[in-house]
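In what follows, a structure is listed as structure tokens, so that the remarks can point back to it.
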Amino acid sequence: MNRLVEGVRQFHEREFPRRQQLFAELADRQQPQTLFIACADSRIVPELITQTQPGELFVCRNIGNIVPAYGEMMGGVSAVVEYACTALGVTDIVVCGHTDCGAMKALLNPADPTLQTMPTVASWLRNAEAARSVVAATYTDPDDPQRLQRLVEQNVRTQLSHLGTHPAVAGRLAAGQLALHGWVYDIEGGGVSAIDAGSGALVPLASTTIRGRATAV
């Protein structure tokens, strides 16, 4: 806690004065253009990765960057998606997975003793079961070192599909007012790959194609 308290002091004394005008503008309103759905992993910092300022991202973080299909598990994530689309009118939603994801490791090994002590986490991970099923069918060798990374990528695709079941998302997609984007962040290398809207392949972010406001899956 001492580290956090010192950080608050430094923010108030150094950083806040430098951006005082920005915070004054944000004091009574927000107009983010993007909902950024990321993992709760402490190594993932959306604003750092995207180099964005306060007020630019509406961020939702949870175990495994998961978005339950509409009606499956109505809760905080569903509320965030609905609010972002309906109240804030975001034009883009990013689902960002990452390398070395602990949630995906657990999904690959449901018998892990640690997972058995976390029934809530185990229940939550069922929202990524379709991704696990795809990887299990295409990477049958349990010792294949690529299985984890492929699951990370497939999970992003699965959660993008789940997003499309939410009425607030479906309506804006149909009206051409919203685009969905799937990203994968490489913790060690610092790079970001994205699911290309044209080919469906995972490619470097700078190489991706976005078709208007279409779904990037």
Side-chain angles (χ1 to χ4, degrees), residues 1-68 73-106 114 118 120-121 124 127 152 155-156 159-160 163 166 168-169 172 177-194 204-206 208:
M1 280 303 297
N2 289 339
R3 171 67 184 86
L4 299 185
V5 171
E6 175 60 19
V8 170
R9 185 190 66 79
Q10 291 183 20
F11 167 75
H12 187 261
E13 293 181 359
R14 301 177 187 176
E15 292 299 319
F16 183 83
R18 291 176 50 242
R19 306 184 189 185
Q20 192 161 1
Q21 180 58 40
L22 171 61
F23 287 115
E25 295 171 358
L26 295 172
D28 58 2
R29 62 184 175 87
Q30 63 168 325
Q31 293 181 305
Q33 297 300 303
T34 302
L35 166 59
F36 199 98
I37 300 172
C39 187
D41 192 298
S42 63
R43 299 167 292 180
I44 312 305
V45 185
E47 294 83 359
L48 182 62
I49 296 169
T50 60
Q51 290 292 281
T52 47
Q53 297 294 316
E56 292 187 75
L57 295 182
F58 194 63
V59 177
C60 175
R61 300 183 62 172
N62 63 68
I63 299 296
N65 43 272
I66 283 172
V67 181
M73 195 175 282
M74 302 297 284
V77 176
S78 298
V80 166
V81 170
E82 185 174 84
Y83 186 83
C85 291
T86 304
L88 299 178
V90 299
T91 58
D92 297 273
I93 301 178
V94 174
V95 175
C96 185
H98 66 92
T99 56
D100 194 51
C101 181
M104 297 302 100
K105 289 179 180 178
T114 301
M118 298 185 291
T120 304
V121 172
W124 177 251
N127 293 292
V152 166
N155 181 55
V156 170
Q159 305 316 321
L160 287 171
L163 270 171
H166 288 249
V169 172
R172 288 178 61 78
Q177 300 170 336
L178 181 68
L180 306 185
H181 314 271
W183 289 8
V184 176
Y185 170 61
D186 180 356
I187 293 174
E188 183 175 8
V192 174
S193 299
L205 181 59
T208 54

query = What are the two closest non-hydrogen atoms of Trp124 and Ile63, and how far apart are they?
reply = NE1-O, 2.7 Å

key: Side-chain ion pair, Arg3 and Glu6, N-O less than 4.0 Å   = no

query = Are the side chains of Leu178 and Asp92 in touch, meaning some heavy atoms are under 4.5 Å apart?
reply = no

request  = State which residues pass side-chain contact (heavy atoms from CB on, under 4.5 Å) with Phe23; sequence neighbours excluded, sorted by chain then number.
outcome  = Phe11, Phe16, Arg19, Pro54

request  = Report the C-alpha separation of Val184 and Val192 in whole Å, then their side-chain angles, then the decisive distance to 0.1 Å, and conclude whether the side chain to side chain contact (heavy atoms under 4.5 Å, CB included) test is met.
outcome  = CA-CA 6 Å; Val184 176; Val192 174; over 6 Å; no

task = Output yes when a side-chain donor or acceptor of Asp186 lies under 3.5 Å from a complementary backbone atom of Gly190, and no otherwise.
result = no

message = How close do Val152 and Gly97 get, counting heavy atoms only, and between which atoms?
response = CG1-C, 4.4 Å

request  = Find out whether Asn2 and Val5 are in side-chain contact, i.e. whether some heavy atom of one side chain is under 4.5 Å from a heavy atom of the other.
outcome  = no

request  = Quick one: list whatever passes ring pair (Phe, Tyr, Trp, His ring centres under 6.0 Å) with His98, sequence neighbours left out.
outcome  = none

query = Does the side chain of Cys96 come within less than 4.5 Å of Asn65's, by heavy atoms?
reply = no

key: Working for side chain to side chain contact (heavy atoms under 4.5 Å, CB included), residues Leu180 and Val169   = CA-CA 9 Å; Leu180 306 185; Val169 172; 4.3 Å; yes

inquiry  = Does either side chain, that of Gln159 or that of Asn155, offer a donor lying less than 3.5 Å from an acceptor on the other one?
reply    = yes

query = Counting distance only, does the side-chain N/O of Arg172 pair as donor-acceptor with the main-chain N or O of Val90 below 3.5 Å?
reply = yes

query = How far does CD1 of Ile66 sit from CG of Asn127, to the nearest 0.5 angstrom?
reply = 5.5 Å

ask   = For Val95 and Val156, which heavy atoms make the closest approach, and how far apart are they?
value = O-CG1, 3.7 Å

request  = Evaluate the side-chain hydrogen bond (donor to acceptor under 3.5 Å, both in side chains) criterion for residues Arg29 and Gln31: first the C-alpha distance (whole Å), next the side-chain angles of each, then the deciding distance (0.1 Å), finally the verdict.
outcome  = CA-CA 7 Å; Arg29 62 184 175 87; Gln31 293 181 305; 3.1 Å; yes

query = Mind checking whether Val77 and Asn62 have side chains closer than 4.5 Å, heavy atoms only?
reply = yes

inquiry  = Tell me the closest heavy-atom pair linking His166 and Ser78, and the distance in Å.
reply    = CE1-OG, 3.4 Å

query = Does Glu56 CD have over 12 foreign heavy atoms under 6.0 Å away?
reply = yes

ask   = Do Phe58 and Gln33 come within less than 4.5 Å of each other through their side chains, counting heavy atoms only?
value = no

Can you give me every donor-acceptor pair (side chain of residues 35-49, partner residue at least two apart or in another chain, under 3.5 Å) with its distance?
from, atom 1, to, atom 2, distance (Å)
Asp41, OD1, Arg43, N, 2.8
Asp41, OD1, Arg43, NE, 2.9
Asp41, OD2, Arg43, NE, 3.4
Asp41, OD2, Arg43, NH2, 2.7
Arg43, NH1, Asp100, OD2, 2.9
Arg43, NH2, Asp100, O, 3.0
Arg43, NH2, Asp100, OD2, 3.4

request  = Without swapping roles, check the side chain of Thr99 against the backbone of Ile187 for a donor-acceptor pair under 3.5 Å.
outcome  = yes

